[in-house]
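Everything below concerns the one structure shown next.
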Amino acid sequence: MNRPARALDDNKNALMPQSHQYLRIEIDGGSYLLPGSASFAIEQRDHLVVNDTDNSPVAAWRVTKSERWPAYCLDRLFKPAMRGQWQRVVFLEGAPYPIGLAVGEAQLMARTEVIVEPFTPPGRSPPDGHLFDAAWINGARATLVLNPAALVGY
């Protein structure tokens, strides 16, 4: 990605992950994982400017000295949603600025808690890669692991 990783570090309120962790997030009631090796930051809703004035999928903005970073709501099919139930935003490194994903829950998990199995989805890979490229099988429950580059490109 074109922006330096420190762009996300400039946010003093954000929680930054470590590479040996996963982030479990909830999107429209579904649970997913993001690898801690991805460049992301977590923001609380009350540190953002909530967008309640127009009909766009931008749920909120993170305002910096020189720019605004959008945070989007997605539905279960990963399509933009006008509004949703969310408490936090996960900002992923993107160009020309970080892209936010509004989530209901965000929980950092140690790699010792999560055993992820990579897989290659069938079919041709999109330019930024498949949206999911691994899964955590916990008993009878499977949690898909999001590919951060594919999610930002999506």
Side-chain angles (χ1 to χ4, degrees), residues 1-3 7-8 11 13-17 21-64 67-109 113-154:
M1 308 209 183
N2 296 341
R3 260 181 102 82
L8 292 176
N11 182 359
N13 296 318
L15 173 63
M16 300 297 290
Q21 295 177 306
Y22 280 95
L23 179 67
R24 187 187 63 77
I25 59 173
E26 180 186 292
I27 300 171
D28 196 26
S31 189
Y32 306 93
L33 293 176
L34 275 169
S37 58
S39 182
F40 62 82
I42 304 167
E43 272 287 357
Q44 296 285 347
R45 183 181 182 124
D46 57 351
H47 294 126
L48 302 167
V49 176
V50 175
N51 179 15
D52 56 5
T53 60
D54 65 22
N55 291 329
S56 79
V58 176
W61 298 94
R62 163 81 168 70
V63 179
T64 68
E67 56 196 1
R68 295 187 322 167
W69 302 348
Y72 297 95
C73 276
L74 299 177
D75 65 15
R76 278 186 183 257
L77 300 175
F78 285 78
K79 300 220 185 273
M82 293 300 176
R83 299 290 179 265
Q85 298 295 323
W86 60 278
Q87 297 303 315
R88 293 172 179 77
V89 169
V90 176
F91 284 98
L92 298 161
E93 193 68 31
Y97 44 77
I99 301 294
L101 180 61
V103 300
E105 292 275 331
Q107 174 190 9
L108 285 172
M109 302 176 75
E113 294 178 70
V114 180
I115 299 172
V116 169
E117 297 295 330
F119 64 83
T120 302
R124 183 182 298 175
S125 176
D128 295 310
H130 289 287
L131 194 54
F132 305 106
D133 58 7
W136 170 37
I137 309 298
N138 187 12
R141 185 178 188 165
T143 304
L144 295 172
V145 179
L146 289 158
N147 173 347
L151 184 59
V152 168
Y154 184 72

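- Proximity of Tyr72 to Pro80: side-chain heavy atoms (C-beta onward) are nowhere separated by under 4.5 Å.
- Note that the CD atom of Gln87 and the CD1 atom of Ile42 stand 13.5 Å from one another [nearest 0.5 Å].
- Using a 4.5 Å heavy-atom threshold, the side chains of Thr120 and Asp133 count as separate.
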May I have the list of side-chain donor-acceptor pairs in residues 100-107 shorter than 3.5 Å, sequence neighbours left out?
from   : atom 1 : to    : atom 2 : distance (Å)
Gln107 : OE1    : Arg24 : NE     : 3.0
Gln107 : OE1    : Arg24 : NH2    : 3.2

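- Not counting sequence neighbours, Gln85 has no partner by the side chain to side chain donor-acceptor pair (under 3.5 Å) test.
- Annotation: side chain of Phe91 is not in contact with side chain of Ile99 (no heavy-atom distance under 4.5 Å).
- Ser56 is linked by a side chain to side chain donor-acceptor pair (under 3.5 Å) to Asn51, Asp54, counting only residues two or more places apart in sequence or in another chain.
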Could you walk me through whether Asp128 and Val152 satisfy the side chain to side chain contact (heavy atoms under 4.5 Å, CB included) test, starting with their C-alpha distance in whole Å, then the side-chain angles of each, then the deciding distance to 0.1 Å, before giving a yes or no? CA-CA 8 Å; Asp128 295 310; Val152 168; over 6 Å; no

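- Across Leu92 and Leu34, no two heavy atoms sit closer than the pair CD2-CD1, 4.1 Å.
- Taking Val114 as the reference, Tyr22, Leu33, Met109, Val116, Trp136 meet the side chain to side chain contact (heavy atoms under 4.5 Å, CB included) condition, with sequence neighbours excluded.
- In this structure, Arg88 CZ and Leu48 CG are separated by 11.5 Å, a value rounded to the nearest 0.5 Å.
- Remark: Tyr32 pairs with Phe78, Phe132 by the ring-ring contact (aromatic ring centres under 6.0 Å, His included) rule, at least two apart or across chains.
- In this structure, Leu74 CG and Trp86 CH2 are separated by 13.0 Å, a value rounded to the nearest 0.5 Å.
- With hydrogens and angles disregarded, a donor-acceptor distance shorter than 3.5 Å links the side chain of Arg76 to the backbone of Asp28.
- Looking only at side-chain heavy atoms (C-beta outward), Tyr97 and Pro70 come within less than 4.5 Å of each other.
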Report all side-chain donor-acceptor pairs from residues 137-148 shorter than 3.5 Å, counting only partners two or more places apart or in another chain.
from   : atom 1 : to     : atom 2 : distance (Å)
Asn147 : OD1    : Ala149 : N      : 3.1
Asn147 : OD1    : Ala150 : N      : 3.4
Asn147 : ND2    : His130 : O      : 3.4

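- With sequence neighbours left out, Ile115 forms a side chain to side chain contact (heavy atoms under 4.5 Å, CB included) with Glu117.
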